Visitor: 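My questions will all concern the structure given below.
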Amino acid sequence: MRKSDLALPKNKFAPLLLKWNKEKNNRQMPWKGEKDPYKIWLSEIILQQTRVEQGLNYYNNFVKAFPDIHKLAKASDEKVFKLWEGLGYYTRCRNLLATARFISKELKGKFPDDYEELKSLKGIGPYTAAAISSFAFNLPYAVVDGNVFRVLARVFGIYTATDSTEGKKLFTALADELLDKKQPGLYNQAIMDFGAVICKPATPLCTICIFKKNCVAFLTNKVNELPVKEKKITIRKRWFHYLVLEYKNEIAIQQRTAKDIWQDLYQFPLIEANTELAVINILQQATKKKWLVKKDYEVASVSPLFKQQLSHQLIAGQFIRIQLKRQAKDNNGWVWVTKSKMAKYAFPQFINQYLKEKRVQQSLF
DNA sequence: AAGACGGGGAC
DNA sequence: GTCCCAGTCTT
């Protein structure tokens with residue numbers, strides 16, 4: 001028997017999926033059945049590369065703070081980034097604001113109802129354009145996200161890498177072919193729920209799966225080998241040595257502007273290296289940069305080592321708290337803020353770890 | 001075509 | 001530790 005004899009006829013896929021959706025799917029999410037394109041868009045941006053459980057509170061907070069696109073468009077960068085703080089992939093936040101302001105002003109608040117026009121907006125790619133098109137406007141575009149790659153790779157036994165150009169093309173074509181074009185929104189929601197609840201990445205529930213009689217991966221015992229990805233990430237290690245400069249009741253912070261991790265977030269004056277630096281070395285470098293003047297400062301404390309594992313970088317570093325007797329002349333692009341104002345700015349979680357410890361230990365900041 | 005971009009949960 | 005998550009953008 002050949003694989004093609006086992007494989008599910010393509011026209012049976014949607015009916016089986018929708019039957020499962022109707023009878024067995026009780027996954028609930030606040031944006032499910034939502035028709036307001038603004039809220040759909042918001043949920044989709046938040047959920048890019050982000051698990052539903054992680055994004056849930058952020059979605060609720062955003063909807064509460066900004067009930068419509070004009071409210072979001074009028075908000076300050078600072079406030080919006082603070083609300084996004086901790087969610088990661090901060091470019092999403094910058095693009096969210098840019099697109100909100102564009103739609104609010106240039107389109108007078110009317111959300112585009114066309115796939116190509118949606119895709120031309122900042123932060124909206126093929127997936128998000130398909131999601132908004134189908135959920136808000138019932139247009140026949142199939143979503144292709146991590147769930148869809150996984151479900152289709154397994155059910156149809158496709159070994160083409162999902163992160164290759166060929167794979168994206170192949171899976172997108174198949175997804176469009178399988179789509180129930182009469183009810184694209186319902187279908188798209190169903191296949192993503194199915195991937196999240198049944199056809200999970202690890203330990204999928206094959207024994208109760210509606211496709212088990214036809215799933216190529218299951219029948220050939222290859223469920224754990226699909227889907228295939230070809231690229232493997234390399235991890236870069238970086239050392240961040242932060243100077244927490246205090247003068248009276250103020251702290252120096254600066255915004256990260258480089259095209260790098262944590263762009264647009266705030267931090268303390270930083271000395272980065274590819275190895276761990278001794279405290280004396282850090283102080284020397286800071287002096288050379290004129291951040292510190294000899295005899296005009298005092299080291300108040302040196303934090304323990306902090307570490308944070310990111311997907312593609314390992315961040316290690318520490319925080320040196322320094323009391324200044326005189327404020328530095330050059331502002332070096334710093335902003336001096338009172339400790340109570342610190343809470344208005346968005347910081348990377350690496351720094352929040354430290355701030356949290358500090359608050360607990362010494363009720364600082 | 002390949003890399004960069006966060007953070008957290010599951011195993 | 002490793003993998004993955006309702007992906008997108010830049011080079």
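Letters A, B, ... are given to chains in the order of the sequence lines, protein chains preceding strands, and every chain is numbered from 1. In this text the structure is predicted, and so the values were computed from the model without any measurement. Worth knowing before you read on, the calculation uses all heavy atoms, side chains too, and leaves out hydrogens, waters and symmetry mates.
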Visitor: Using the closest heavy atom to pick a nucleotide of DNA chain B for each, name whichever of A:Leu310 or A:Asp163 lands nearer the 5' end.
Guide: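 That would be A:Asp163.
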Visitor: Spell out, as yes or no, whether a donor-acceptor pair under 3.5 Å connects the side chain of A:His312 to the backbone of A:Thr234.
Guide: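 Not a single qualifying donor-acceptor pair exists.
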Visitor: When rounded to the nearest 0.5 angstrom, what is the spacing between CD1 in A:Ile210 and CG in A:Leu205?
Guide: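 That separation rounds to 12.0 Å.
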Visitor: Where along nucleotides 5-11 of chain C does protein come under 4.0 Å, by heavy atom, of base (B) or sugar-phosphate alone (S), with - for untouched nucleotides?
Guide: BBBSS-S
Visitor: Taking only the C1' atom of each, what is the distance from C:dA6 to B:dC11 in whole angstrom?
Guide: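 Their C1' atoms lie roughly 22 Å apart.
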Visitor: Looking only at the aromatic ring of each residue, does the gap between the centers of A:Phe211 and A:Phe13 stay below 6.0 angstrom?
Guide: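 Yes, close enough.
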Visitor: Do the numbers put A:Lys289 on top of the ring of A:Trp291, so that NZ or CZ is under 6.0 Å from the six-membered ring centre and no more than 45° off the axis?
Guide: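 Yes, A:Lys289 and A:Trp291 form such a contact.
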Visitor: Check the pair A:Leu118 / A:Trp41 against side chain to side chain contact (heavy atoms under 4.5 Å, CB included), numbers first and verdict last.
Guide: CA-CA 10 Å; A:Leu118 286 165; A:Trp41 165 68; over 6 Å; no
Visitor: Could you check how far NZ of A:Lys231 sits from P of B:dA4, rounded to whole Å?
Guide: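 Computing the A:Lys231:NZ to B:dA4:P distance gives 12 Å.
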Visitor: Given atom CZ of A:Arg94 and atom P of B:dC5, what is their separation to the nearest angstrom?
Guide: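 That distance rounds to 12 Å.
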Visitor: Give me the residues of residues 78-88 of chain A where at least one heavy atom lies under 4.0 Å from an atom of DNA chain C, by number, or none.
Guide: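 The answer is none.
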Visitor: What does A:Thr203 touch in the nucleic acid at a heavy-atom separation under 4.0 angstrom: a base, only the sugar-phosphate, or nothing?
Guide: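 Since only primed, P, OP1 and OP2 atoms lie under 4.0 Å of A:Thr203, the category is sugar-phosphate.
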Visitor: Once you round to the nearest 0.5 Å, how far does CG of A:Asn21 lie from CD of A:Gln189?
Guide: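 One gets 8.0 Å once the value is rounded to the nearest 0.5 Å.
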Visitor: Take the protein atom CD of A:Gln313 and the nucleotide atom P of B:dG6, then report the distance between them rounded to whole Å.
Guide: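 Result: 8 Å.
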Visitor: Suppose you measure atom P in B:dG9 against the same atom in C:dT8; what distance do you get, rounded to whole Å?
Guide: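 It works out to 24 Å between them.
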Visitor: Over all strands shown, is A:Gln309 touching base, sugar-phosphate only, or nothing at heavy-atom distances under 4.0 angstrom?
Guide: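 Contact class for A:Gln309: none.
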Visitor: Provide, to the nearest angstrom, the distance between the CD1 atom belonging to A:Ile261 and the P atom belonging to B:dC5.
Guide: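 In whole Å, B:dC5 P and A:Ile261 CD1 are 7 Å from each other.
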Visitor: Find the distance A:Gln353:CD to B:dG8:C1' and express it as a whole number of Å.
Guide: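 To the nearest whole Å, that distance equals 12 Å.
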Visitor: Could you list the residues that satisfy salt bridge (charged side-chain N to carboxylate O under 4.0 Å, His left out) with A:Glu106, not counting sequence neighbours?
Guide: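 With neighbours one apart ignored, the set is empty.
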Visitor: Find the distance A:Arg238:CZ to B:dA4:P and express it as a whole number of Å.
Guide: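 The distance from CZ of A:Arg238 to P of B:dA4 comes to 11 Å, rounded to the nearest Å.
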Visitor: Please check this pair: side chain of A:Ser303 against backbone of A:Phe319, looking for a donor-acceptor N/O pair closer than 3.5 Å.
Guide: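 Such a contact is found between A:Ser303 side chain and A:Phe319 backbone.
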Visitor: Rounded to the Å, how far apart are A:Leu226 CG and C:dC4 P?
Guide: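 After rounding, the gap between these two atoms is 12 Å.
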Visitor: Just how far, in rounded Å, is P of B:dG3 from CD1 of A:Ile233?
Guide: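 My rounded result for the distance is 12 Å.
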Visitor: Where each residue is assigned the nucleotide of DNA chain B containing its nearest heavy atom, which of A:Gln263 and A:Glu166 is assigned the position nearer the 5′ end?
Guide: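 On the 5' side of the pair lies A:Glu166.
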Visitor: If the test is side chain to side chain contact (heavy atoms under 4.5 Å, CB included), which one of A:Tyr90, A:Trp84, A:Phe81 qualifies with A:Asp264?
Guide: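 Only one option passes, and that is A:Phe81.
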Visitor: Between atom OH of A:Tyr38 and atom OG of A:Ser43, what is the distance when rounded to the nearest 0.5 Å?
Guide: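 A:Tyr38 OH to A:Ser43 OG: 11.0 Å, rounded to 0.5 Å.
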Visitor: Under 4.0 Å between any heavy atoms, over every strand shown, what does A:Asp260 touch: base, sugar-phosphate, or nothing? Just pick one.
Guide: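 Sugar-phosphate: the residue A:Asp260, judged by heavy atoms under 4.0 Å, touches backbone atoms but no base.
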